[in-house]
Each structure stands twice: as C-alpha cells, then as structure tokens.
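We name chains A, B, ... by the order of the sequence lines, and we start the count at 1 in each one.
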2 protein chains.
Amino acid sequence: MEAPAPEDELNFCQACTVRNRAICADLETYEIALLNKIGRRRRLEAGESLMWEGDDAVYVANVVSGVLKLSTQTSDGREQILGLAYPSDFLGRPFGNTSPYNAEALCETVVCVFRRTDFERFALDHSRLEHKLLERTLSELDRTRRWMLLLGRMNAEERLAALLLEIGARSVAAGCGNSADADIDRFELPMSRQQIADILGLTIETVSRQLTKMREDGIIEIRGRRKVTICKRGVLEKLAA
Amino acid sequence: MEAPAPEDELNFCQACTVRNRAICADLETYEIALLNKIGRRRRLEAGESLMWEGDDAVYVANVVSGVLKLSTQTSDGREQILGLAYPSDFLGRPFGNTSPYNAEALCETVVCVFRRTDFERFALDHSRLEHKLLERTLSELDRTRRWMLLLGRMNAEERLAALLLEIGARSVAAGCGNSADADIDRFELPMSRQQIADILGLTIETVSRQLTKMREDGIIEIRGRRKVTICKRGVLEKLAA
DNA sequence: GCAGTAGTTTGACCTGAATCAATGACGTGT
DNA sequence: ACACGTCATTGATTCAGGTCAAACTACTGC
C-alpha cells in the first residue's frame, strides 16, 4: 500500500479521538507532525498481547480505544493484574530496557505505537511531552499506591466495591463524554470473573460469591454476565472508603 | 543567624552525600546554585512526620540520610505502608495539590526540602531535572507494581522473604558504598515488627511467627530485635521469586 | 432454535492467617 | 544493677477466603 500523503499523516493525529487527553495534548502542530512520523496505529484483538514482562522494551504506546490489562505473575503462575489501561493512557517503559509487565487487550483495542528509542529521542527534545509523561506517571503511581491499600488491608467485599466504583468512573472518563452510555452507574465489565479475581488478589469463587451477595442485597444489578448497574452507590462508597 | 556566604551555599549542595545519586545529579554547577537557594535542610526525629495524606502538598524533598515510611490508611484505621524512602530518594507530590501519603521518619533522618511551587517552577525551567524526576518516578512505579504482586498473590512466608531481600539490597544501595557495613546479607531492620506487618499487609503475630520459623530453619539469624543476617540467601530468593 | 462449551455459580470442606490472650525479653532511664 | 514500659513472642481459637467438586447458564456457531 502507498504511504499516505503528508496531509493525511497530519490529519491522522489531529483527528485522533484521544488527541486532547493523551500525552500529546500540549504539543504544537509541528511537533504533532513529527510525532506522527515515528508512530503508527495498531489494532489488537481481545486476548492479543502488546508486550511481555521481561522482554526487551521495544515499544511504547498510547491507547486510542479499548481496554488492556497490565499483569505480572509469580514463578509458579499465580497472576496479578497491575492495572487497566483505558483510552488516552500511556503504555510501556520509556528509559528502561525491559518491559515490567504483560499488556494484553481485553477487547478489540487500538493503540498508537512508537519504537521506544524513537519516542525517547523525541521526548528528550520536546520537554512539553516529557512533562506530560511525568504528570501521567505521577498520577499512575498515586493510583497504584491506592491499590496497595486495597490489596494489603481490605477484605473481599471492600475490594469488589472499590473495583466497581473505579470501573464506573473510568469507563465514563475514557468515553468521549458525548454519548448516552456515559452513565457512571451503568456500565459493562471489560473483563471476566477470573480477571476480576486477578485484579483484586482473590479467587474467582470469592468474586462470584461477593457479587451474588451484592445482588441479593440490592446494591447492584447484573444482566447477562457483564452488564452492571449500581443501585446503591452510597453503600459501595462506604465499603470502599 | 546570618545567611551563609554564597560560597558556603554552593558547598552545601556540592558536599551533599547524595549529590551524585539524587535527582540533582545531572545539574550544572550554576543550576545547583539556583536549586540551593530554594531548598533547605531539615532534620527529623524518629517518628516525626514530614507530610500527611490529604494535606496540601506544600513541600517536596530529597532524602539525605535515614529512612522514612510512606503510608496510607483506611477510614477505620488499618494502615498500609506504601514504600520506604532511603537516601537519594525523592519525596512528595509535584504537580499535585494534596499529598497522597503520610511520610514519617523511622529513625533520625535528614531531608532537603523545597516548597513545591518553587520546585515546580525550577523543574519546568530545567528539563534535565524534570527528566531525572521522570526516570525516578518510572522506577518507583515499577517497584510499587512488583509490590502489588506480593500483596495480591504471595503468602506470609514469601512476603517476608521478599522484604528481607529488598531491605538488604536497599540498605547497601543507600549507603555511600564505602563502609564496612555494606554487606547485603547483614543489616539492621529500620522498623518495628508492627511496621513490617504494615508493609506486608500482615499482622504483627504472623510476622513474628514467620521470622521465628526462618530462624529455626537456619535461613536467617536475628540478634537483638533488629539485627538480621541472611544465612541461606538462595532459599529466600526461591521463596520470593 | 439447538447443541456444545467456556465461563460462572453454588455447595461442602479445609487451611492460613487473624484474633484474642498471656507471657517473655530488650533496652532505657535511674 | 535494677525496674519499668514497650515491643515481641508464643499459644489457643476463630473465621475469611481458598480449594475441590458439581451444577448451571449465557453466549457461540451451526
């Protein structure tokens, strides 16, 4: 296939749905054009991986649409999900040689990938980008540390309450803020029960039991396997506090 | 007291024991002089706090000597330690309004503090500093994520093994690399049993029992309450893997 | 619409770590 | 050198969540 004309390449970034929220948000038009030259889009199927823990960190990426899970595991195979990456989130390990986690798409996902070395060179020359990346990394560190409190000190019920609230909030934040499904109390779980268990440091049976209990208590409604409605937000918030 | 002469101010930073390892490492002499003007040293007693979770983020700091714990708690008082800060580590939340954690000295500690706003202004003008801060934040995020695997998926024995190895490694890395006590297998725990429990998401009794078990198995030796020697490093590494 | 299947729920039981309760020991100050 | 207070250890018991096993149910492809 022919390379697109320069105008198209520019439009490629400028028409991007995460253009104003990702780390490229503060860049000037000419910088966007440069960044556009070193990046390319990639589509991932559900279950497809973008990088593996321990492998050479070849790529970094921005999430354009979809959701990915970042995970790691013990030597004997117990998995722990480290976080979820939603649209506009940044993925990968700049200024490091190996990937610190696996990144796997949970549904059909589009990412904007850069060779790590290209990206690093660009970042070093464009401190606005580096600054955005720093702000994002600091926020991610805060979020990760809050998750440590959950894993270290909360019981199963509290963990599930925290996750449901977080997914509701992030599903909306990740959307484009325009559509009718931007309801913080009504969303679709982007992952299976097993993956919920791997996020919360629980087993699938415990997750299932707690979900059933919440349903029986009228705190949530579940339709199908993944459609959730929060009925008593206050109760969840109290549990997760 | 008189302000020190400019030469002394300069020397203050240049003679700093963490000068070559902290985020100021890559700065030019003139930049160091500028940074020196906005920072000041502060000594903390064991148990004294530098910042509280939820408070306005007024200060950021570099650790010069000693150790601090970063912690958070649930609304009903269960505590989780989020990490330890050793010499040359950076503390605080630049580009954020509130402190995401409590920071409390575990022993007599010296920090180099900056008003956050002063520091941010300096960082924005000196991208070398911002780059160092980014690298450090990315490393800290990696470390924190590894800890999530521990909290989510490891049992008490494995958690303790991981902590002992980490403390050994960081005690040495934090030293100046010159002294005789730079032995990775022989170090002093900088915290009480309760604090170990709060780091590992366990109770004090479980920590004590596991430590006793490791002593009985000849994996470690403990003299007094806090002096630890690792006798069978291989066993610990296997447990923590 | 049906069958097949992966994913989920539910039940029975077990276990590791928490909790409750003494007892013991380190290190501090006198 | 002693006594006190804090911190740590040890023991007995409980319980949340894990494990094992058996249904069940929502999607898939035909």
S.K.: Just N and O in the side chain of B:Thr206: are any of them under 4.0 Å from OP1 or OP2 of C:dA17?
M.R.: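 Checking B:Thr206 against C:dA17: no side-chain N or O falls below 4.0 Å of OP1 or OP2.
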S.K.: Measure CD/A:Glu157 against P/D:dG18 and give the value in whole Å, please.
M.R.: 14 Å
S.K.: Hey, which of these two, A:Gln210 or A:Arg226, hits DNA chain D nearer its 5' end, going by closest nucleotide?
M.R.: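 By nearest-heavy-atom nucleotide position, the 5'-most residue is A:Gln210.
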S.K.: Using a heavy-atom cut-off of under 4.0 Å over every strand shown, decide if A:Thr212 touches base, sugar-phosphate, or nothing.
M.R.: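 Since only primed, P, OP1 and OP2 atoms lie under 4.0 Å of A:Thr212, the category is sugar-phosphate.
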S.K.: Is the backbone of B:Glu135 close enough, under 3.5 Å, to the side chain of B:Ser139 for a donor and an acceptor to pair up by distance?
M.R.: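 Yes.
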S.K.: Rounded to whole angstrom units, what separation is found between the CZ atom of B:Arg159 and the P atom of C:dA17?
M.R.: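 Taking CZ of B:Arg159 and P of C:dA17, I get 8 Å after rounding.
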S.K.: Which part of the nucleic acid, if any, lies within reach of B:Ser192 when heavy atoms closer than 4.0 Å are counted: base, sugar-phosphate only, or nothing?
M.R.: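 The answer is sugar-phosphate, as B:Ser192 gets under 4.0 Å only of primed atoms, P, OP1 or OP2.
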S.K.: Identify whether the distance between the nearest side-chain nitrogen and carboxylate oxygen of B:Arg186 and B:Glu188 falls below 4.0 Å.
M.R.: no
S.K.: What bend angle does the helix from C:dG1-D:dC30 to C:dT30-D:dA1 show across its length, from five-pair end axes and to the nearest 10 degrees?
M.R.: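 Axis-to-axis angle, ends of the helix: 60°.
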S.K.: Kindly point out which of C:dT19, D:dG18, C:dT9 is positioned nearest to the side chain of A:Thr203?
M.R.: D:dG18
S.K.: Inspect the contact between A:Arg146 and A:Glu166 and indicate whether a charged nitrogen and a carboxylate oxygen are less than 4.0 angstrom apart.
M.R.: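 No, A:Glu166 and A:Arg146 are not salt-bridged.
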S.K.: Check whether the side chain of B:Arg209 and the base of D:dG11 form a donor-acceptor pair under 3.5 Å.
M.R.: yes
S.K.: Provide, to the nearest angstrom, the distance between the CD atom belonging to A:Glu205 and the P atom belonging to C:dT10.
M.R.: 12 Å
S.K.: Between A:Val207 and B:Arg215, just flag the one whose closest nucleotide in DNA chain D comes earlier from the 5' side.
M.R.: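 Its nucleotide being nearer the 5' end, the pick is B:Arg215.
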S.K.: Do B:Glu221 side-chain atoms and B:Ile230 backbone N/O form a donor-acceptor pair below 3.5 Å?
M.R.: no
S.K.: Between the main-chain N or O of B:Ala57 and the side-chain N or O of B:Arg116, is there a donor-acceptor pair closer than 3.5 Å?
M.R.: yes
S.K.: How about CZ on B:Arg115, more than 12 heavy atoms from neighbouring residues, nucleotides or ligands closer than 6.0 Å, or not?
M.R.: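 Open: at most 12 neighbouring heavy atoms sit under 6.0 Å from CZ of B:Arg115.
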S.K.: Here's a test of your reading of the structure: between A:Arg153 and A:Arg225, which maps to the more 5' nucleotide of DNA chain C?
M.R.: A:Arg225
S.K.: Quick one: A:Leu160 CG to D:dG17 P, roughly how many Å, whole number?
M.R.: 11 Å
S.K.: Just the rounded figure in Å: distance from C1' of C:dA17 to CE of A:Met154.
M.R.: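 Distance, rounded to whole Å: 19 Å.
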S.K.: Between P on D:dT25 and CG on A:Leu211, what's the gap in Å once rounded to a whole number?
M.R.: 16 Å
S.K.: Given 3.5 Å as the limit, does a donor-acceptor pair link the side chain of A:Asn155 with the main chain of A:Glu157, or not?
M.R.: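 Yes; judged by distance alone, with no hydrogens or angles, the pair exists.
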S.K.: Counting only distance, no hydrogens or angles, is the base of D:dC7 paired donor-acceptor with the side chain of B:Arg193 under 3.5 Å?
M.R.: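 No, the side chain and the base share no sub-3.5 Å donor-acceptor pair.
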S.K.: Could you give the CD-to-P distance, from B:Glu216 to D:dT9, as a whole number of Å?
M.R.: 12 Å
S.K.: To the nearest Å, how far apart are A:Ile204 CD1 and D:dA22 P?
M.R.: 18 Å
